[in-house]
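Report on the structure given below.
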Amino acid sequence: MSVIEELQALQKRATTELEAAQDQASLAVWKSTFLGKKGELTLLSRGLGKLPPEERPEAGQRFNIVRQALEQQFEQAETRAKHASLMDELESEQIDVSLPGRQPSVGRLHPITEVLRQVADAFHIMGFQVWESPEVETDDYNFGLLNFLPDHPARDMQDTFYVESPVDSSEKLLLRTHTSGGQIHAMRRYAPHPVRVLLPGKCYRNEQVTARSEMQFSQFEFLAVGRNITMADLKGTLANLAVHLFGPGTKTRVRPSYFPFTEPSAEMDVSCFLCKGKGCRICKYTNWLEIGGCGMVHPNVLRNGGYDPTEFSGFAGGFGPERIAMLMYGIDDLRWFLSGDERLLEQFG
Ligand code: DAH
């Protein structure tokens, strides 16, 4: 067989084998077998030297034509294979766009957090900053410095969770029973400058757990100390808060009461935003809802906070966000708040 015949046979075989090579791997093998540096075409072309010189140019040209043709076929086959593998990939990743989407599970805010945000917003507008104070307090901060006498019944073990001190200390430690101790912390931090703070946080009392009482609950305390602060400022603050929380037209009133740390002391009421004056079970047909306690900071408490009561005065108040959330959202049992039950949480935020 002449070199040219061998070349034709090689071209035929290469073409047939190329058709059979479907994927990238077999294409690579094909390429090195036929077109590689040590491939069949190169090997065969070595035979050109044995031809008579006058036949060489034409034969050489034929080799070139065959090489070019095979290279072109190879490129086409390679493109086809790439395309096919891309299609396979697409096919394997195929999705049914008509299927219903999956609901992402979105976190929700706890109703107490919701109330806190609204309350903080209302106080923020009035120039109060949110301030945090410790949940484990000394007896002094929780009671003594707030003008509770040593034998005040609230100090009773029945009501207060006392905590064993990790260090040997004469100070009695307890879980705060209200946020009012934060008043002393804030005053001591800012005295003798005026201060306006909102103190939110968890409180603890040794209570029977029922629909209306829990061992752990939240309170928001507010405190403003400065010069010439009067009860009118307290009432104005309350009025603003009520409108912000419960809507325009909400009225407020204060009723005389007693707390050791305020003088005078009062209960804060808001007009029933549920029945709007028609009378309902929740307001017990009085049209008023009690939301917390308040008063003018007692001179002893001002002094304990580092202020001279002849120069400074202040007001303070405290209320329970659980009660506000219960009223706002119609929640009928206090135990829901700490239940962690998603059925409650899903309804908020
Ligand atoms: N600490 C009181 C309580 O737990 C609430 C309270 C009443 C806070 C009057 C105050 C206040 O700041 O002035 O019932």
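One-based numbering along the sequence shown.
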If I take atom [atom1] from residue [X] and atom [atom2] from residue [Y], how far apart are they, to the nearest 0.5 angstrom?
X: K172; Y: T160; atom1: NZ; atom2: OG1; result: 9.0 Å
X: F246; Y: L241; atom1: CZ; atom2: CG; result: 7.0 Å
X: N64; Y: R62; atom1: CG; atom2: CZ; result: 12.5 Å
X: K235; Y: D233; atom1: NZ; atom2: CG; result: 11.5 Å
X: E164; Y: L173; atom1: CD; atom2: CG; result: 10.5 Å
X: I324; Y: E114; atom1: CD1; atom2: CD; result: 13.5 Å

Return yes when atom [atom1] of [X] has more than 12 non-hydrogen atoms of other residues, nucleotides or ligands closer than 6.0 Å, and no otherwise.
X: R56; atom1: CZ; answer: yes
X: H152; atom1: NE2; answer: yes
X: E93; atom1: CD; answer: yes
X: E132; atom1: CD; answer: no

Side chain of [X], backbone of [Y]: donor and acceptor closer than 3.5 Å?
X: T33; Y: V29; result: yes
X: S265; Y: F259; result: yes
X: Q94; Y: L90; result: no
X: N240; Y: T237; result: no
X: R176; Y: S133; result: yes

Go through the steps for L245 and M328 under the test side chain to side chain contact (heavy atoms under 4.5 Å, CB included), then give the verdict.
CA-CA 9 Å; L245 286 183; M328 266 185 178; 4.2 Å; yes
Check for me, please, whether [X] and [Y] land in the same ILVMFWY cluster - side-chain distances under 4.5 Å, paths through other members count.
X: V243; Y: F273; answer: no
X: M326; Y: I282; answer: yes
X: Y329; Y: L274; answer: yes

Using distance alone, with no hydrogens and no angle criterion, decide if [X] and [Y] have a side-chain donor and acceptor under 3.5 Å apart.
X: T138; Y: D140; result: no
X: E137; Y: H185; result: yes
X: R188; Y: Y307; result: no
X: D159; Y: N206; result: no

Can you name the closest pair of heavy atoms from [X] and [Y] and give their distance?
X: W288; Y: C283; value: O-CB, 3.7 Å
X: H298; Y: P260; value: CD2-O, 3.7 Å
X: V115; Y: A325; value: CG2-CB, 3.8 Å
X: A266; Y: M231; value: CB-CE, 4.4 Å
X: L344; Y: P111; value: CD2-CG, 4.3 Å
X: N304; Y: L145; value: ND2-O, 2.8 Å

Check whether any side-chain heavy atom of [X] lies under 4.5 Å from a side-chain heavy atom of [Y], and answer yes or no.
X: H124; Y: Q129; answer: no
X: P321; Y: V119; answer: no
X: T15; Y: L70; answer: yes
X: F312; Y: V297; answer: no
X: V301; Y: M187; answer: yes

Go through the structure and list residues passing side-chain hydrogen bond (donor to acceptor under 3.5 Å, both in side chains) with T42, not counting sequence neighbours.
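Applying side-chain hydrogen bond (donor to acceptor under 3.5 Å, both in side chains) to T42 gives R67.
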Quick one: list whatever passes side-chain hydrogen bond (donor to acceptor under 3.5 Å, both in side chains) with T177, sequence neighbours left out.
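Expected list: N142.
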Do any pairs count as a salt bridge (Lys or Arg N to Asp or Glu O under 4.0 Å) and have a residue in residues 254-274, sequence neighbours left out, and if so which ones?
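Sorted result for residues 254-274: R253-D269, R255-D269, R255-E290.
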For residues 11-24, which residue pairs qualify under salt bridge (Lys or Arg N to Asp or Glu O under 4.0 Å), counting only residues two or more places apart or in two chains?
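Salt bridge (Lys or Arg N to Asp or Glu O under 4.0 Å) check on residues 11-24 returns R13-E40.
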Check the pair S313 / T230 against side chain to side chain contact (heavy atoms under 4.5 Å, CB included), numbers first and verdict last.
CA-CA 7 Å; S313 55; T230 69; over 6 Å; no
My understanding is that only residues two or more places apart in sequence, or in another chain, count here; which of them pass salt bridge (charged side-chain N to carboxylate O under 4.0 Å, His left out) with R46?
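Expected list: none.
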For E311, salt bridge (charged side-chain N to carboxylate O under 4.0 Å, His left out) partners two or more places apart
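Listed in chain order: R227.
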For F261 and F143, run side chain to side chain contact (heavy atoms under 4.5 Å, CB included): C-alpha distance rounded to whole Å, both residues' side-chain angles, the deciding distance at 0.1 Å, then the answer.
CA-CA 9 Å; F261 36 93; F143 295 123; over 6 Å; no
Sequence neighbours left out, what pairs pass side chain to side chain donor-acceptor pair (under 3.5 Å) with at least one residue falling in residues 71-89?
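Sorted pair list comes back empty.
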Pairs touching residues 14-59 that satisfy ring-ring contact (aromatic ring centres under 6.0 Å, His included), sequence neighbours left out:
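Only W30-F34, W30-F74 qualify under ring-ring contact (aromatic ring centres under 6.0 Å, His included).
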Run the side chain to side chain contact (heavy atoms under 4.5 Å, CB included) test against P104 and tell me which residues pass, sequence neighbours left out.
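None.
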Using atom types as modelled, flag every donor-acceptor pair under 3.5 Å from a side chain in residues 333-340 to any protein atom, sequence neighbours excluded.
from, atom 1, to, atom 2, distance (Å)
D333, OD1, R335, N, 2.8
D333, OD1, R335, NE, 3.0
D333, OD2, R335, NE, 3.4
D333, OD2, R335, NH2, 2.9
S339, OG, W336, O, 2.7
S339, OG, D341, N, 3.1

Pairs under 3.5 angstrom only: tabulate donor-acceptor contacts from the side chains of residues 207-224 to other protein residues two or more places apart or in another chain.
from, atom 1, to, atom 2, distance (Å)
T210, OG1, R212, N, 3.0
T210, OG1, S213, N, 3.1
T210, OG1, S213, OG, 3.2
S213, OG, Q208, O, 2.7
S218, OG, E322, OE2, 3.0
Q219, OE1, T179, N, 2.9
Q219, OE1, T179, OG1, 3.1
E221, OE1, T179, OG1, 2.9
E221, OE1, S180, N, 3.3
E221, OE1, S180, OG, 3.1
E221, OE2, S180, OG, 3.0
E221, OE2, Q183, NE2, 2.5

Let me check something: any side-chain donor-acceptor pairs from residues 192-204 under 3.5 Å, sequence neighbours excluded? List them with distances.
from, atom 1, to, atom 2, distance (Å)
R196, NH1, M126, O, 2.8
Y204, OH, E135, OE1, 2.6

